[in-house]
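In what follows, every heavy atom counts, from backbone to side chain, and hydrogens, waters and symmetry copies are set aside.
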Amino acid sequence: GFESLLNPQFVGIKYFAQHYKAKENPFVNAVTQDQYFNTVQVWARIPLVGKLSVYGSLPFHFHEKKTRQGDVTISGIGDFNLMVIYQLFNSKNKSHQLNGGVGMKIPLGKFDEKGASGVNPSFQLGTGSWDFQAALNYKFQKNKVAVLINTDYTVKTENQKHYRFGNQWNYAASAFYQLVSTEKMLFSGKIGFQGEVYDRNKQFGEDLPKTAGSALYGKLGFEWSYKKVSLGSELMLPAYSQLASGDIEAESRFSLFLNFGI
């Protein structure tokens with residue numbers, strides 16, 4: 001809900017693609033198994049009253065991994081995210097703004113217990129658990145330059161299969177520069193980084209080995225708007241990847257969204 005700079009209140013659709021390589025053979029160090037995570041989500045950030053707004057996203061996943069025994073695909077609805085966002089601070093000249101949010105993830109996506117025993121337990125449509133999130137977003141904007149800094153933390157709970165994914169901390173910073181500006185149209189380029197840190201997963205209360213990890217991505221993208229329509233895209237490449245104790249390597253991420261301002 002903090003990603004759109006030009007139309008921060010919106011209803012839209014987003015496509016998000018992720019590529020990983022995983023270690024298919026536990027006796028060989030090479031990571032050879034390609035895994036592709038694809039998501040199309042409907043998302044929105046809608047003003048409520050005063051400084052309060054609500055954010056929601058409903059994803060549809062279609063994932064694929066290529067194994068020696070053949071390709072494995074899963075598809076279906078994912079978990080629904082809902083967050084209430086409050087404007088904590090806004091300077092008089094509107095160049096500084098701080099927002100905070102709290103929310104939850106509602107388990108609509110199917111969790112496959114057998115899939116959780118593989119090298120990448122996150123090859124799922126959903127976690128099967130009710131998870132809770134807190135987020136902070138800072139925005140600085142002056143003339144043609146803007147900076148967004150985001151951080152959020154997700155507390156994950158145990159699902160009905162007694163499996164619990166590790167808590168997750170995300171952080172990101174992006175710098176925008178306005179390249180084209182007219183009365184009705186704006187075009188900005190952006191550059192930045194994003195990091196993720198994962199705790200160990202648990203099953204029946206016991207820590208599972210090789211499930212914690214972290215990754216850091218550099219990212220490059222743009223956002224274009226005409227009146228109340230905005231289009232944005234982002235390419236992310238890993239600067240550092242240590243997922244599942246090295247059994248999983250991040251390769252790339254790509255996103256594209258189309259929003260309608262409200």
Exercise for the section: Would you check if there is a donor-acceptor pair between the side chains of Asp247 and Ser245 at a distance under 3.5 Å? Expected result: no

Practice task
Taking the side chain as every heavy atom from C-beta outward, state whether Lys65 and Phe123 have any pair of such atoms under 4.5 Å apart.
Solution key: yes

Fill in the blank from the handout: Here the pair of heavy atoms bringing Leu237 nearest to Glu251 is CD2-O, 4.0 Å

Exercise for the section: Tell me yes or no: between the side chains of Thr211 and Arg200, is some donor less than 3.5 Å from an acceptor? Expected result: no

Completion exercise
The reported gap from CE in Met236 to CG in Leu216 (rounded to nearest 0.5 angstrom) is 9.0 Å

Problem - Inter-residue atom distance His61.NE2 - Gln41.CD, 0.5 Å rounding - result: 8.5 Å

Practice task
Go through the side-chain N and O atoms of Gln35 and Asn120 and say whether any donor and acceptor fall under 3.5 Å apart.
Solution key: yes

Handout entry: Path from Val155 to Leu208 over hydrophobic side-chain contacts below 4.5 Å
Key = no

Problem - Asp112 vs Ile74, side-chain contact (heavy atoms from CB on, under 4.5 Å): CA-CA, chis, key distance, verdict - result: CA-CA 10 Å; Asp112 180 14; Ile74 56 174; over 6 Å; no

Completion exercise
The reported gap from CZ in Phe254 to CD in Gln18 (rounded to nearest 0.5 angstrom) is 13.0 Å

Handout entry: Close side-chain approach of Leu231 to Leu256, heavy-atom, < 4.5 Å
Key = yes

Exercise for the section: Find out whether Val54 and Ile85 are in side-chain contact, i.e. whether some heavy atom of one side chain is under 4.5 Å from a heavy atom of the other. Expected result: no

Handout entry: Shortest non-hydrogen contact from Gly189 toward Leu179
Key = N-CD1, 3.9 Å

Problem - Heavy-atom check, side chain of Val119 versus side chain of Glu24, under 4.5 Å - result: no

Practice task
Evaluate side-chain contact (heavy atoms from CB on, under 4.5 Å) for Thr151 paired with Asn170, printing each intermediate quantity in order.
Solution key: CA-CA 6 Å; Thr151 185; Asn170 300 326; over 6 Å; no

Exercise for the section: Would you give the length of the straight line joining atom CG of Leu98 to atom CG of Leu88, rounded to the nearest 0.5 angstrom? Expected result: 5.0 Å

Handout entry: Nearest non-hydrogen partners of Pro107 and Asp79, listed with the distance
Key = CA-OD1, 3.4 Å

Practice task
Answer yes if the ring centres of Tyr20 and Phe37 are under 6.0 angstrom apart, and no otherwise.
Solution key: yes

Handout entry: Donor + acceptor pair across side chains of Lys156, Gln168 (<3.5 Å)
Key = yes

Exercise for the section: Show your working on side-chain contact (heavy atoms from CB on, under 4.5 Å) between Val11 and Asn259 and close with a plain yes or no. Expected result: CA-CA 6 Å; Val11 174; Asn259 291 344; over 6 Å; no

Handout entry: side-chain contact (heavy atoms from CB on, under 4.5 Å) evaluation trace for Tyr153 with Asn167
Key = CA-CA 8 Å; Tyr153 191 82; Asn167 294 344; 3.3 Å; yes

Problem - Closest contact, heavy atoms only, Asn201 versus Gly166 - result: OD1-N, 2.8 Å

Handout entry: Between CD1 on residue Ile106 and OG on residue Ser129, distance to nearest 0.5 Å
Key = 12.0 Å

Problem - Sub-4.5 Å side-chain heavy-atom contact between Thr154 and Phe132 - result: no

Handout entry: NZ/NE/NH1/NH2 to OD/OE distance under 4.0 Å, Arg253 and Glu234
Key = no

Fill in the blank from the handout: Nearest heavy-atom approach of Met185 to Tyr226 is CB-CD1, 4.1 Å

Exercise for the section: Taking all non-hydrogen atoms of both residues into account, name the closest pair between Gln124 and Gly115 and its distance. Expected result: NE2-C, 3.6 Å

Problem - Any side-chain heavy-atom pair of Ser214 and Tyr198 under 4.5 Å - result: no

Exercise for the section: Take atom NZ of Lys21 as the centre, draw a 6.0 Å sphere, and report whether it contains more than 12 heavy atoms from other residues, nucleotides or ligands. Expected result: yes

Exercise for the section: Would you please indicate if the ring centroids of Trp169 and Tyr171 are separated by under 6.0 Å? Expected result: yes

Problem - Any donor-acceptor N or O pair under 3.5 Å, side chains Asn81, Tyr55 - result: no

Problem - Spacing of Lys139 atom NZ and His96 atom NE2 [to the nearest 0.5 Å] - result: 12.0 Å

Exercise for the section: Report yes or no: does Ser225 contribute a side-chain atom to a donor-acceptor pair with the main-chain N or O of Val229 at less than 3.5 Å? Expected result: no

Problem - Ring centre gap for Phe111 and Tyr163 strictly below 6.0 Å - result: yes

Problem - Over-ring placement of Lys219 relative to Phe193, 6.0 Å and 45° cut-offs - result: no

Exercise for the section: Decide whether His19 and Asp34 meet the rule of one side-chain donor and one side-chain acceptor closer than 3.5 Å. Expected result: yes

Exercise for the section: Go through the steps to decide whether Asn38 and Tyr15 satisfy the test side chain to side chain donor-acceptor pair (under 3.5 Å), and finish with yes or no. Expected result: CA-CA 7 Å; Asn38 296 281; Tyr15 169 70; 2.7 Å; yes

Handout entry: Min side-chain heavy-atom separation Leu58-Ile77 under 4.5 Å
Key = yes

Exercise for the section: Decide ring-ring contact (aromatic ring centres under 6.0 Å, His included) for Phe260 and Phe10; before the verdict, give the C-alpha distance in whole Å, the side-chain angles of both, and the deciding distance to 0.1 Å. Expected result: CA-CA 5 Å; Phe260 300 90; Phe10 63 89; over 10 Å; no

Practice task
Establish, yes or no, whether the cationic atom of Lys14 lies under 6.0 Å from the six-membered ring centre of Phe16 and within 45° of the ring axis.
Solution key: yes

Problem - Any side-chain heavy-atom pair of Ile13 and Trp43 under 4.5 Å - result: no

Fill in the blank from the handout: So salt bridge (charged side-chain N to carboxylate O under 4.0 Å, His left out) across residues 124-138, not counting sequence neighbours, yields Lys105-Asp131

Problem - Distance-only side-chain donor-acceptor flag, Asn99 / Gln97, under 3.5 Å - result: yes

